[in-house]
Amino acid sequence: MDRIVAHYLLETPFPLEDVAAMMAGEQSSGTFVRVAGETDELRARSAAEVLSIEPVDEAGAPTLASAYVERKGKAGPFRRARVAIAYPPGNIGRNLPTLAATVSGNLYDIGEITGLKLEALDIPAGYRERYPLPSLGVAGTRESLGVADRPIFGTIIKPNVGMRPAEIAALVDQLCAAGVDFIKDDEVCANPDIAPLAERVPAVMAVIRRWRERTGRTVMMAFNITDETDAMRRHADLVAAEGGTCVMASLNWCGLSAMESLRAHTPLAIHAHRNGFGAMSRHPLLGIGFQAYHALYRLAGIDHMHVHGIGGKFVDSAAEVTEAARACLAPLSKGGPDDRVMPAFSSGQWAGTLPATLKAAEGADLMFMCGGGILAHPDGPAAGIASLREAWDVLKSGGDLAAGAGTRPALAAAIRFFGAR
């Protein structure tokens with residue numbers, strides 16, 4: 001019960017039981033042959049255990065090429081099964097990179113394997129306690145923004161990159177005036193020559209502070225501080241010194257260690273951007289599924305996690321987005337602390353995709369981020385934000401958007417403009 005359990009989808013032309021045992025040995029105390037010093041006592045303490053093998057189906061050809069399979073002359077069938085393996089936490093300690101190496105690592109390169117996907121991780125509560133909780137998470141993000149009972153409506157700085165600090169600050173001023181809750185940099189705009197953070201952060205935060213003094217509302221700005229680790233710490237310090245509340249980082253290009261270091265360094269909310277995740281997830285028999293992926297970064301202490309959007313511009317199905325959102329909104333460990341993180345829906349979102357989004361999240365605990373859905377509204381950004389609020393007003397009372405748009409002009413304009421796209 002206190003072990004870390006990894007769930008895989010496996011394909012191999014060799015006996016499933018043999019390959020599953022090989023996986024457990026390779027990633028714990030064994031190798032391809034028993035070695036000196038590999039005592040029974042050591043195995044009892046440190047060996048991983050195959051908990052279950054559930055055959056799924058089989059194929060006549062391998063999903064992935066393997067020179068080893070070719071050398072052995074194995075022509076199939078290529079059997080597929082879901083395999084659960086338990087790993088002793090004592091092998092790993094409090095060490096996120098080694099946890100990732102243990103549950104994945106060389107498994108992808110084992111010769112007998114022609115397909116492998118790490119689908120999920122079960123993290124025991126005792127092991128979860130070794131790692132930091134989110135700084136804000138769901139409740140803290142709501143409290144910081146003063147938004148208690150509806151989705152957090154946000155947007156992304158567009159154009160993605162190329163504007164100067166004064167131009168970005170002017171756009172932020174427009175968005176604050178329009179009543180936005182949350183703004184984030186695009187993932188490709190971190191510390192560009194034309195708008196370095198040293199200039200961009202003070203310019204933008206001066207605007208946010210003015211609106212805070214004027215209205216009492218604090219707009220959360222997620223500054224993209226993606227960089228090498230020491231630079232990210234410096235960038236976070238700058239954001240904090242200017243009164244900011246949130247920073248953003250591209251997880252896949254910073255890595256687990258950098259995200260852990262950032263969490264340890266700053267109390268600011270960490271907005272986790274998963275750009276590049278498709279390279280790990282899109283193939284059904286290669287890579288890492290969202291549940292396992294996000295579990296690793298939740299152990300690093302993030303506060304918000306991107307889940308893409310329903311009906312958006314990316315490849316995810318509605319079911320995949322729903323699964324990701326609900327994973328974020330569930331405790332990472334059974335019996336563990338409230339460590340939920342805010343799912344951030346984005347990509348092609350506008351007022352018309354809000355109903356499906358609320359259904360996916362089973363409520364309003366979410367960030368609903370619209371780039372074009374706000375900034376490209378035919379009547380301007382203020383009307384774009386108004387269209388989201390009007391959509392929420394209709395939906396919370398159980399109404400239909402099309403019918404409710406009859407008395408809500410911003411929503412009606414959004415349906416006319418975006419609905420045909």
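All of these numbers come straight from a predicted model, not from anything done at the bench. Computed from heavy atoms alone, side chains included, the values below leave out hydrogens, waters and symmetry copies.
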May I ask you to decide if Leu332's main-chain N or O and Asp339's side chain share a donor-acceptor pair within less than 3.5 Å?
yes

Test item: Met369 and Ile156 side chains (from C-beta on) under 4.5 Å apart, heavy atoms:
yes

Val239 vs Val201 side-chain heavy atoms within contact, under 4.5 Å
yes

Identify the heavy atoms of Asn191 and Leu197 that sit nearest to each other, and give their distance.
OD1-N, 2.7 Å

Would you call Arg282-Glu320 a salt bridge at under 4.0 Å N-O?
no

Derivation of the salt bridge (Lys or Arg N to Asp or Glu O under 4.0 Å) call for Glu242 and Arg209
CA-CA 9 Å; Glu242 291 288 340; Arg209 289 195 302 268; 3.0 Å; yes

Look at atom CD of Glu143 and say whether more than 12 heavy atoms of other residues, nucleotides or ligands are closer to it than 6.0 Å.
no

Under a 3.5 Å distance rule, please check whether Ser144 uses its side chain to pair with a backbone N or O of Thr141 as donor and acceptor.
no

Could Asp185 and Arg200 be called an ion pair, given the rule that one side-chain N must be under 4.0 Å from one carboxylate O?
yes

Worked verdict on Phe223 versus Met205 for side chain to side chain contact (heavy atoms under 4.5 Å, CB included):
CA-CA 10 Å; Phe223 291 98; Met205 285 308 305; 3.7 Å; yes

Counting only heavy atoms not in Glu323, do more than 12 fall under 6.0 Å of its CD?
no

Chi angles and distances behind the salt bridge (Lys or Arg N to Asp or Glu O under 4.0 Å) call for Arg326, Glu362
CA-CA 8 Å; Arg326 293 181 185 178; Glu362 299 181 298; 3.6 Å; yes

His308 vs Phe314 aromatic rings, parallel, tilted or perpendicular, using cut-offs 30° and 60°?
tilted

Glu167 and Met163: which non-hydrogen atoms are nearest, and at how many Å?
OE1-CA, 3.3 Å

Are more than 12 heavy atoms from other residues, nucleotides or ligands located less than 6.0 Å from atom CZ of Arg130?
yes

Would Met305 and Phe290 satisfy side chain to side chain contact (heavy atoms under 4.5 Å, CB included), going step by step from the backbone distance to the final call?
CA-CA 11 Å; Met305 170 64 92; Phe290 181 84; 3.8 Å; yes

In terms of side-chain geometry, is the basic nitrogen of Arg234 or Asp237 positioned less than 4.0 Å from the acidic oxygen of its partner?
no

Any donor-acceptor pair under 3.5 Å linking the side-chain atoms of Glu112 with those of Thr12?
no

I'd like to know if Glu11 and Arg79 make a salt bridge, using a cut-off of under 4.0 Å between side-chain N and carboxylate O.
no

Point-to-point distance, once rounded to the nearest 0.5 Å, from CG of Asn91 to OG of Ser46
4.5 Å

Kindly compute the distance separating CG (Asp149) from CG (Asp365), expressed to the nearest 0.5 Å.
10.5 Å

Derivation of the ring pair (Phe, Tyr, Trp, His ring centres under 6.0 Å) call for Phe277 and Tyr293
CA-CA 9 Å; Phe277 174 63; Tyr293 170 86; 4.6 Å; yes

Using only heavy-atom distances, determine whether the side chains of His7 and Asp122 contain a donor-acceptor pair under 3.5 Å.
yes

Scan side-chain atoms only and decide if Asp303 and Ser135 contain a donor-acceptor pair under the 3.5 Å cut-off.
no

Without swapping roles, check the side chain of Glu390 against the backbone of Leu411 for a donor-acceptor pair under 3.5 Å.
yes

Are any non-hydrogen side-chain atoms of Leu401 and Pro355 less than 4.5 angstrom apart?
yes

Rounded to the nearest 0.5 Å, how far apart are CD of Glu129 and OG of Ser333?
8.5 Å

Where the side chain of Lys117 meets the backbone of His283, is there a donor-acceptor pair that is under 3.5 Å apart?
yes

Are any of the side-chain heavy atoms of Met342 and Cys328 separated by less than 4.5 Å?
no

His294 side chain to Gln291 backbone, donor-acceptor under 3.5 Å:
yes

Presence of salt bridge, Asp316 and Arg274, under 4.0 angstrom
yes

In plain terms, say whether Arg82 and Glu119 are close enough for a salt bridge, that is, a side-chain N and a carboxylate O under 4.0 Å apart.
yes

From Tyr127 atom OH to Ile92 atom CD1, the distance as rounded to the nearest 0.5 Å
5.0 Å

Could Arg150 and Asp181 be called an ion pair, given the rule that one side-chain N must be under 4.0 Å from one carboxylate O?
yes

For a side chain to side chain contact (heavy atoms under 4.5 Å, CB included) check, start with the C-alpha distance between Glu228 and Asp230, then their side-chain angles and the critical distance, and finish with the verdict.
CA-CA 6 Å; Glu228 55 87 18; Asp230 288 339; 3.6 Å; yes

At their closest point, which heavy atom of Thr155 faces which heavy atom of Cys370, and how far apart are they?
OG1-O, 2.6 Å

Does Val147 offer a backbone N or O that forms a donor-acceptor pair with the side chain of Arg142 under 3.5 Å?
yes

pair Pro343-Leu329: side-chain heavy atoms closer than 4.5 Å
yes

Closest heavy-atom contact between Leu118 and Ala292?
CG-CB, 3.7 Å

Are the charged groups of Glu49 and Arg3 less than 4.0 angstrom apart, N to O?
yes

Considering only heavy atoms from C-beta outward, does the side chain of Glu17 approach that of Val50 to under 4.5 Å?
no

State, to 0.1 Å, how close Val341 and Pro134 come at their nearest heavy-atom pair, and which atoms those are.
CG1-CG, 4.0 Å

Please test Thr229 against Leu262 for side chain to side chain contact (heavy atoms under 4.5 Å, CB included), starting from the C-alpha separation and ending with a verdict.
CA-CA 7 Å; Thr229 305; Leu262 180 61; over 6 Å; no

Could you tell me whether the side chains of Ser250 and Glu187 share a donor-acceptor contact shorter than 3.5 Å?
no

Quick check against the 3.5 Å criterion: does Ser104 have a side-chain atom that pairs as donor or acceptor with the backbone of Ala101?
no

Taken to the nearest 0.5 Å, the spacing of Ile157 CD1 from Asn224 CG works out to 11.5 Å

Which class fits the ring pair His271 and His304: parallel under 30°, tilted 30 to 60°, perpendicular over 60°?
perpendicular

N/O donor-acceptor pair under 3.5 Å between Arg263 side chain and Gly301 backbone:
yes

Close side-chain approach of Thr266 to Arg233, heavy-atom, < 4.5 Å:
no

For the pair Asp186 (side chain) and Cys189 (backbone), establish whether a donor and an acceptor sit closer than 3.5 Å, ignoring hydrogens and angles.
no

Checking the side chain of Arg298 only, and the main-chain atoms of Leu133 only, is there a donor and an acceptor separated by less than 3.5 Å?
no

Give the minimum heavy-atom separation between Arg217 and Val180, together with the two atoms involved.
NH2-O, 3.2 Å

Quick one: pull up OH in Tyr68 and CD in Glu70 and give me the separation to the nearest 0.5 Å.
13.0 Å

Hey, are the side chains of Leu388 and Phe368 touching, using non-hydrogen atoms and a 4.5 Å cut-off?
yes

